[in-house]
Asks: 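Sharing a structure with you now.
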There are 2 protein chains.
Amino acid sequence: MELNEGKNKFIEAWGIFGSEWGINRTMAQIHALLLVSAEPLSTEDIMEELNVSRGNVNMNTRDLITWGIVSRVLKKGERREFFQADKDIYKVAIKIMNERRKRELGPVLETLRELKQVKGNTTEAREFKRVVADISSFGENTDKMIERMVKADENWFTGSLMKFLVK
Amino acid sequence: MELNEGKNKFIEAWGIFGSEWGINRTMAQIHALLLVSAEPLSTEDIMEELNVSRGNVNMNTRDLITWGIVSRVLKKGERREFFQADKDIYKVAIKIMNERRKRELGPVLETLRELKQVKGNTTEAREFKRVVADISSFGENTDKMIERMVKADENWFTGSLMKFLVK
DNA sequence: TTAAACTTTCAAAATATATTGAAAGTTTGT
DNA sequence: ACAAACTTTCAATATATTTTGAAAGTTTAA
């Protein structure tokens, strides 16, 4: 397979994978394109490569930046901005997990904490509280686990954790 | 908070959380409703509780069944089927992870394996293959990790793993 | 064998999400 | 201060996904 065909296949695969996990296709594709580009790309480069509009590229690059996995870079002598993806996949994975932890897991955990306060001592109420407490405890542990991953260094992640889990 | 209000809040929260993770809202809500119901529910019960159509309930309950986290039950003397969710949240989480592994991770890993065969020995081609190999290795490890979780017993999950990660 | 009780299907409609692109806004160099 | 070069915004449009509900299909009991 040729390099260019490979890049296109990667962009396509990453786009599908992203959309299966609630990330919009273009955002995932821009991320993929930047991951496999040797050089940082401009808005125009991305527009051309993926056939999407300027507005779309602007929105999604900004979004990728707020996720902390893409950064703006300046080339000397150039007025416009270029974009570049962090190519360390462990850092990327941890940043994504951590952002989703904060944005999506956080609110659920808060709701679950409230729900443990439901009144009543009937069988039904106790059963409800048991289910909620189980889910809550599972969620809190997942939350702490991701927090620890963020603090740990890459070596811990690839070394100790992977050994513990996979070997 | 009263039990009923609590149940509704839980159903709402679970629906939002699900849709953020690429699971349709009704499916997540049906799952939530079954999780907090003391008794198995019929199609009609679910239609009424969530205000959705018969077709929608039918599609989504069948989908939940293929995920392995909801089962049909029969009540004696009753003609129709009732639905019941597995309330062991660890089992549920592992089943969901494992299904997503098979359905979504699998195809990506296959593509990545192909992409490692890209021709060329230029700096650009080597850089591409390095990025692909990194992502591939991360993905394969995640895949193996989930496979091990499936095989392990609940105690390993709640005990050893959580201790290793969180404590 | 019939019909009532129930489940499933799927084309059409509704809803939600993503994308466009032109206009407005901003920055920079002269 | 100006205008060229660039970025951002957002209402309109397009696309994708979900939901509906009536009709078709199936099962059961008498």
Side-chain angles (χ1 to χ4, degrees), chain A residues 11-12 14-34 39-67 70-84 100 103-104, chain B residues 11-12 14-34 39-67 70-84 100 103-104:
Chain A
I11 291 165
E12 192 191 327
W14 211 237
I16 292 169
F17 190 62
S19 62
E20 285 166 343
W21 287 83
I23 284 153
N24 96 50
R25 214 184 64 241
T26 304
M27 181 166 150
Q29 286 184 335
I30 292 175
H31 184 229
L33 174 61
L34 294 173
E39 294 296 311
L41 302 180
S42 69
T43 298
E44 301 250 350
D45 294 334
I46 299 169
M47 285 167 67
E48 200 165 311
E49 202 71 47
L50 303 179
N51 276 291
V52 290
S53 70
R54 183 176 301 283
N56 198 357
V57 172
N58 184 264
M59 275 191 135
N60 286 117
T61 48
R62 287 193 315 121
D63 228 348
L64 285 164
I65 289 166
T66 71
W67 280 77
V70 161
S71 50
R72 293 178 208 271
V73 294
L74 296 171
K75 285 189 185 176
K76 57 184 168 185
E78 285 270 17
R79 174 92 178 264
R80 67 218 146 120
E81 299 171 328
F82 290 77
F83 302 97
Q84 170 178 259
R100 300 198 80 155
R103 295 180 194 196
E104 295 147 16
Chain B
I11 291 164
E12 193 190 326
W14 210 235
I16 293 169
F17 189 63
S19 61
E20 286 166 341
W21 287 83
I23 284 153
N24 96 50
R25 213 184 65 239
T26 306
M27 182 165 148
Q29 285 184 334
I30 292 175
H31 184 228
L33 174 62
L34 294 173
E39 292 297 311
L41 302 180
S42 68
T43 298
E44 302 250 350
D45 293 334
I46 298 169
M47 286 168 65
E48 198 165 312
E49 202 71 46
L50 303 178
N51 276 292
V52 290
S53 70
R54 183 176 300 280
N56 199 358
V57 171
N58 184 263
M59 276 191 134
N60 287 117
T61 47
R62 286 194 314 123
D63 229 349
L64 285 164
I65 289 166
T66 72
W67 280 77
V70 161
S71 49
R72 294 177 207 271
V73 294
L74 296 171
K75 285 190 184 174
K76 57 184 171 186
E78 284 270 15
R79 173 93 178 263
R80 68 218 145 122
E81 299 170 329
F82 290 77
F83 301 97
Q84 168 178 265
R100 301 198 80 156
R103 294 181 194 196
E104 294 148 16

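Chain A is the first sequence line, chain B the second, and so forth, proteins listed ahead of strands; every chain is numbered from 1.
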Asks: Measure from CE on A:Met47 to P on C:dA22 and round the result to the nearest Å.
Replies: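 Distance, rounded to whole Å: 11 Å.
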
Asks: In whole angstrom, what separates B:Arg54's CZ from D:dA23's C1'?
Replies: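 Whole-Å distance recorded here is 13 Å.
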
Asks: Please walk me through it: do A:Glu39 and A:Phe82 pass side-chain contact (heavy atoms from CB on, under 4.5 Å)?
Replies: CA-CA 9 Å; A:Glu39 294 296 311; A:Phe82 290 77; over 6 Å; no

Asks: To the nearest Å, how far apart are A:Glu44 CD and D:dT8 P?
Replies: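 Rounding to the nearest Å, CD of A:Glu44 and P of D:dT8 are 14 Å apart.
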
Asks: Taking atom C1' of D:dG21 as reference, at what distance in whole Å does atom CD of B:Glu48 sit?
Replies: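 Distance check: B:Glu48 CD to D:dG21 C1' gives 17 Å.
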
Asks: Is the A:His31 ring parallel, tilted or perpendicular to the A:Trp14 ring (thresholds 30°, 60°)?
Replies: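 Tilted: the ring planes of A:His31 and A:Trp14 meet at 30° to 60°.
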
Asks: Over how many whole Å does the gap from A:Ile16 atom CD1 to D:dA16 atom P extend?
Replies: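 It works out to 13 Å between those atoms.
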
Asks: Nearest-Å distance, CH2 (A:Trp21) to C1' (C:dT17)?
Replies: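 Taking atom C1' of C:dT17 as the reference, CH2 of A:Trp21 is at 20 Å.
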
Asks: Could you tell me whether a side-chain N or O of A:Asp45 sits under 3.5 Å from a main-chain N or O of A:Ser42, the two making a donor and an acceptor?
Replies: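 Yes, because the side chain of A:Asp45 sits within donor-acceptor range (under 3.5 Å) of the backbone of A:Ser42.
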
Asks: Which whole-number value in Å describes the distance from A:Phe83 CZ to D:dT8 C1'?
Replies: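 Going from A:Phe83 (CZ) to D:dT8 (C1'), I get 11 Å.
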
Asks: Any idea which of C:dA18, D:dT27, C:dT7 is nearest the A:Thr26 side chain?
Replies: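 Ranking C:dA18, D:dT27, C:dT7 by closest atom to the A:Thr26 side chain puts C:dA18 first.
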
Asks: If you pin A:Arg79 and A:Arg25 to their nearest nucleotides in DNA chain D, which one's is more 5'?
Replies: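 The residue mapped nearer the 5' terminus is A:Arg79.
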
Asks: Among the nucleotides C:dC6, D:dT7, C:dT8, which one has an atom lying closest to any side-chain atom of A:Asn58?
Replies: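 Nearest to the side-chain atoms of A:Asn58, counting from C-beta on, is D:dT7.
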
Asks: Check the distance between D:dT28's P and B:Glu78's CD and give it to me in whole angstrom.
Replies: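 That distance rounds to 15 Å.
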
Asks: Looking at D:dA16, I'd like to know if its phosphate oxygens (OP1 or OP2) sit under 4.0 Å from a side-chain N or O belonging to A:Asn24.
Replies: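 No, outside the criterion.
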
Asks: Between A:Arg62 and D:dT9, does any side-chain N or O lie under 4.0 Å from OP1 or OP2?
Replies: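 For D:dT9, OP1 or OP2 has a side-chain N or O of A:Arg62 closer than 4.0 Å.
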
Asks: Of the options D:dC6, D:dT19, C:dT19, whose atoms approach the side-chain atoms of B:Asn56 most closely?
Replies: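 Side chain of B:Asn56 sits closest to D:dT19.
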
Asks: Would you name the heavy atoms of A:Arg100 and B:Glu20 that are closest together and state the gap between them?
Replies: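 Scanning both residues, the minimum pair turns out to be NH2-O, 2.7 Å.
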
Asks: Donor-acceptor pair, B:Arg80 side chain versus B:Thr43 backbone, under 3.5 Å?
Replies: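 No; zero donor-acceptor contacts below 3.5 Å.
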
